There are 2 protein chains.
Amino acid sequence: MRMAEAPKGAAERLAYLLPFIASGPARFGLGDLAERAGLPQSSVHRLLKVMLRFGLVERGTGQSYRPGRELQRMASQIVSRFDLVRSARPMLQQLVDSWQETAVLCTYSPVSRKAIIADVVHTPHPLRYAVERDGEITLPWGSLGRAVLAYLPRGEQEAIIRQSNAGPLTGRPRSKRAELDAALESIRAEGVSRYYDPQIDIAGIAGPIFGPEGEILGCVGVTMPSRRYQLHLADDLASAVGKVARDLTELASMQGA
Amino acid sequence: MRMAEAPKGAAERLAYLLPFIASGPARFGLGDLAERAGLPQSSVHRLLKVMLRFGLVERGTGQSYRPGRELQRMASQIVSRFDLVRSARPMLQQLVDSWQETAVLCTYSPVSRKAIIADVVHTPHPLRYAVERDGEITLPWGSLGRAVLAYLPRGEQEAIIRQSNAGPLTGRPRSKRAELDAALESIRAEGVSRYYDPQIDIAGIAGPIFGPEGEILGCVGVTMPSRRYQLHLADDLASAVGKVARDLTELASMQGA
DNA sequence: GAGAGAATTCCGCAATCTGGAAATGTGCTT
DNA sequence: AAGCACATTTCCAGATTGCGGAATTCTCTC
């Protein structure tokens, strides 16, 4: 969907294709992949031959490819050391049980410079937002995005802010830079990101999750309509969310992450 | 550890390095990786720069690299569709509860042409074999290996048998080819692999697990000292193991695997 | 602050990659 | 069965990109 992207060089292109395969359908054709990736078929075919040899893809029935068992194996191996999603599940559930609001886990994707919704436990309330797994979250908006943005290295922050200003309008004027900086600073000060915007009727609280070397992995948070936000004891909710985030950070540091 | 392996070309080398990173330590140096992979440092460095750009690796504190968040993310995504290891866990536990013998889950790695122990639940008996996660299993021996080998395409079977004959001695003469073929045939006939060798005091029963397109993913099985094997009602055990294997196959087909 | 070891850059040669187009293969329809 | 449409695979010549030993720079350690 993005344009003006066409990595040069075999290694770059292989790395570039990997996510298309990992997140693509269980069966796909050469043409599909070439189109999705925006690369010439003959080039994709050459790379696919390499991946075939290394088990990253395999041939399916008829003329089709599928993600390879070696890829599966590697994925299991990586995840088996530390599975953030699995570790977080019961905690999300716990948050929903206690507060009756939707709990979300996001992981940060350094490449797309977005946070991706890795897991959700929905509120029992009938009024709730359509938060779905694998959804993308742009970092400068909302409690979830900002909980991540606040802890990114300065340079990356800059790039993201510039990029999302240039990006498509989101229905409201971009917040002023100074305002955003202040918000990020206060997130770092409190260790929890709060967001409350009655105009678009959304509110939330989120806490950052770090890896063993202090790099930000993602965040946990709860989101709700801003009207319901007012009914909660926000500070209690914030400390509950903060605790979950810290617990996950600790887990990530202990296990290999 | 293997020699005479040095993939030519950037794409091949990138694919070649991936598993070293995925299964390597949480922190590693350029030199480490270069040595483990048997490639010149400058080449590895060039590839690492590419991976860096794609988030497959990241810089750690000081001079070190670590597996990247993009790699984690992809792994989670792949695993979230269908996690054989997670699905199998309760079934392994169940087998151990019922039979008091060590239950094992293996996944087949097409590249190394071996099965890899993905999970184990140990028997409560004090006398048990040292079966450990991530351990490698050569296919021509044992119930586990053969449960996989029996369902591999003919060509791959040939390669594996030839390769392991040429390989290091394993303490006993290689079984005759005709004998092995007969064993594999009977495994296919029964749908379960039985192995019983009083000489080295080991026995086991294993069943194959298939993916959505009929490709073999791995196997589940129980292993034990051959003396204990005689005490069990082998047919009941075999049907229990077979059921677990079929259930996992069905799960793998329903979910995206 | 000096030294050891690691990571990074350099550079000329050439092997590997590139992509349009042609050839081959596969599955579906008549 | 035969033919058709579409997807995959091969081909090719030009040149971009990869290659790796050696020199340089950087970073921890003592």
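Model, not experiment: these values are computed from the prediction. Every chain is numbered from 1, with letters handed out A, B, ... down the list of sequences.
With A:Y65 as the aromatic partner, A:R27 does not meet the cation-pi criteria of under 6.0 angstrom to the ring centre and within 45 degrees of the ring axis.
Between the CG atom of B:L52 and the C1' atom of C:dA7 there is a distance of 13 Å, given to the nearest Å. The CZ-P distance, from A:R27 to C:dG27, rounds to 10 Å in whole Å. Atom pair B:L48:CG and C:dA6:P shows a separation of 16 Å (rounding to whole Å applied). Atoms CG (A:L30) and P (C:dT26) sit 15 Å apart, rounded to a whole Å. Rounding to whole angstrom units, NZ of residue A:K8 and C1' of C:dC17 are separated by 11 Å.
The phosphate of C:dG19 has OP1 or OP2 within less than 4.0 Å of a side-chain N or O from A:R13. Dashed line: the shortest gap from a side-chain N or O of A:S43 to OP1 or OP2 of C:dG19 is under 4.0 Å.
With no hydrogens or angles considered, no side-chain donor-acceptor pair links B:Q72 and A:Y108 at under 3.5 Å. Side-chain polar atoms of A:T138 and A:R113 form no donor-acceptor pair below 3.5 angstrom. Under 3.5 Å, the side chains of B:E70 and A:S109 contain a donor-acceptor pair of N or O atoms.
Applying the salt bridge (charged side-chain N to carboxylate O under 4.0 Å, His left out) test to B:K243 and every residue at least two apart in sequence or in another chain returns B:D247.
Open room surrounds CD on A:E250; 12 or fewer heavy atoms of other groups in view lie less than 6.0 Å from it.
Rounded to 10 degrees, the angle separating the terminal axes of the helix from C:dG1-D:dC30 to C:dT30-D:dA1 is 60°, with each axis obtained from five end pairs.
Both A:Q63 and A:G9 sit near DNA chain C, but only A:G9 has its closest nucleotide nearer the 5' end.
Bracketed by its first and final contacts, the part of DNA chain D lying under 4.0 Å from non-hydrogen atoms of chain A reaches from D:dA7 to D:dG18 in 5' to 3' order.
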